[in-house]
Amino acid sequence: MPSIDVPELATSYRPSEDEEYMNARQLAYYRAKLNAWKDEILRGAKETVNIMQKETENHPDLVDRASSESDRALELRTRDRQRKLISKIDEAISRIDDGSYGYCEETGEPIGLGRLEARPTATLSIEAQERHERSERVHRDD
């Protein structure tokens, strides 16, 4: 397997339909993309912790206090969603390692480069995802 320059991939390479699907270069590209996304989330989480540690001031005005607490709760909910996203990113990287990345969990068919570009953690093809969502709607409406 040829060595692949990850920084070059991040700036100039884009997977193409003209190449073999999930070749070494595409896998390295998605690994770099997923790791960069994870690093960005982790940096944001560290910033949030630093800001919250500095923002322990006591607001004498009830409106200011309520606003600050509301902002803090929103930030914590956002960070919780991102924590869950990190586990999805880690799962996607594991799929790259085991050779199943880019293939639908239900059908085994390729997920497609466009879908992976938009949602690198995708585990289902568009068709399988649509079936899944229709099934959820039916069960939710019951």
Side-chain angles (χ1 to χ4, degrees), residues 1-59 62-142:
M1 192 184 296
S3 106
I4 296 173
D5 182 23
V6 173
E8 178 263 334
L9 281 174
T11 57
S12 63
Y13 173 75
R14 289 290 175 261
S16 163
E17 300 289 340
D18 299 334
E19 321 172 66
E20 177 187 347
Y21 188 69
M22 289 299 117
N23 64 51
R25 193 169 190 198
Q26 287 180 356
L27 291 171
Y29 168 81
Y30 285 111
R31 180 186 302 276
K33 184 176 182 110
L34 289 161
N35 280 320
W37 193 11
K38 181 179 175 179
D39 291 345
E40 181 182 326
I41 292 169
L42 291 173
R43 270 193 309 277
K46 285 180 186 174
E47 286 177 27
T48 297
V49 168
N50 290 337
I51 289 170
M52 286 185 165
Q53 286 174 341
K54 290 176 186 173
E55 252 185 32
T56 56
E57 71 226 29
N58 213 350
H59 297 287
L62 290 177
V63 174
D64 288 344
R65 183 178 308 155
S67 176
S68 177
E69 288 175 10
S70 175
D71 291 347
R72 184 175 279 206
L74 177 62
E75 185 65 31
L76 289 173
R77 279 195 307 274
T78 300
R79 291 297 164 205
D80 186 53
R81 279 194 301 274
Q82 289 179 336
R83 179 187 54 79
K84 292 173 185 170
L85 178 56
I86 286 174
S87 71
K88 288 184 177 189
I89 291 170
D90 288 339
E91 290 168 9
I93 292 169
S94 292
R95 288 193 306 278
I96 289 172
D97 292 340
D98 72 20
S100 64
Y101 184 80
Y103 295 92
C104 180
E105 284 182 344
E106 284 186 9
T107 66
E109 296 293 317
I111 290 174
L113 297 176
R115 179 154 168 77
L116 290 172
E117 195 61 33
R119 187 179 204 90
T121 58
T123 60
L124 299 172
S125 66
I126 290 175
E127 296 80 15
Q129 182 68 39
E130 287 172 348
R131 278 193 306 275
H132 180 72
E133 289 173 3
R134 276 194 301 273
S135 173
E136 278 184 348
R137 271 196 300 269
V138 168
H139 295 313
R140 186 178 57 225
D141 292 343
D142 288 346

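Between Leu113 and Gln26 the shortest side-chain heavy-atom distance falls below 4.5 Å. Contact annotation: the side chain of Ile89 never approaches that of Lys33 to less than 4.5 Å [non-hydrogen atoms, C-beta and beyond]. Counting only heavy atoms from C-beta outward, the side chains of Glu91 and Tyr101 never approach each other to under 4.5 Å. Side-chain atoms of Lys46 and Arg43, non-hydrogen and from C-beta on, never get closer than 4.5 Å to each other. Side-chain contact between Asp97 and Arg31 is present, with at least one heavy-atom pair separated by less than 4.5 Å. No side-chain heavy atom of Thr123 sits less than 4.5 Å from a side-chain heavy atom of Lys88.
By the 4.0 Å N-to-carboxylate-O rule, Arg77 lies too far from Asp80 to be salt-bridged with it.
Glu109 contributes atom CD, which lies 9.0 Å from atom CD of Glu127 (distance to the nearest 0.5 angstrom). The distance from atom CD1 of Ile93 to atom CG of Asp98, rounded to the nearest 0.5 Å, is 12.5 Å. Here the straight-line distance linking atom OG of Ser135 with atom CD of Glu130 works out to 13.5 Å at 0.5 Å rounding. Taking CD from Gln129 and CZ from Arg119, the interatomic distance works out to 7.0 Å, rounded to the nearest 0.5 Å.
Judged purely by distance below 3.5 Å, without hydrogens or angles, the side chains of Arg14 and Tyr29 pair a donor atom with an acceptor atom.
Residue Gly102 comes nearest to Tyr21 through the heavy atom pair O-OH, 2.5 Å, listed as atom of the first residue, atom of the second, then distance. Residues Ala122 and Ile111 come closest through the heavy atom pair O-CD1, 3.4 Å. Considering every non-hydrogen atom in both Ser16 and Glu19, the closest pair reads N-OE2, 2.8 Å. Thr121 and Arg95 make their closest contact through O-NH2, 3.3 Å (heavy atoms, listed as atom of the first residue, atom of the second, distance). Closest approach of Leu42 to Ile86, counting heavy atoms only: CD2-CD1, 3.5 Å. Across all their heavy atoms, Arg115 and Ile126 have their closest contact at CD-CG1, 3.4 Å.
A distance-only check finds a donor-acceptor pair linking the side chain of Thr78 to the backbone of Leu74 [under 3.5 Å].
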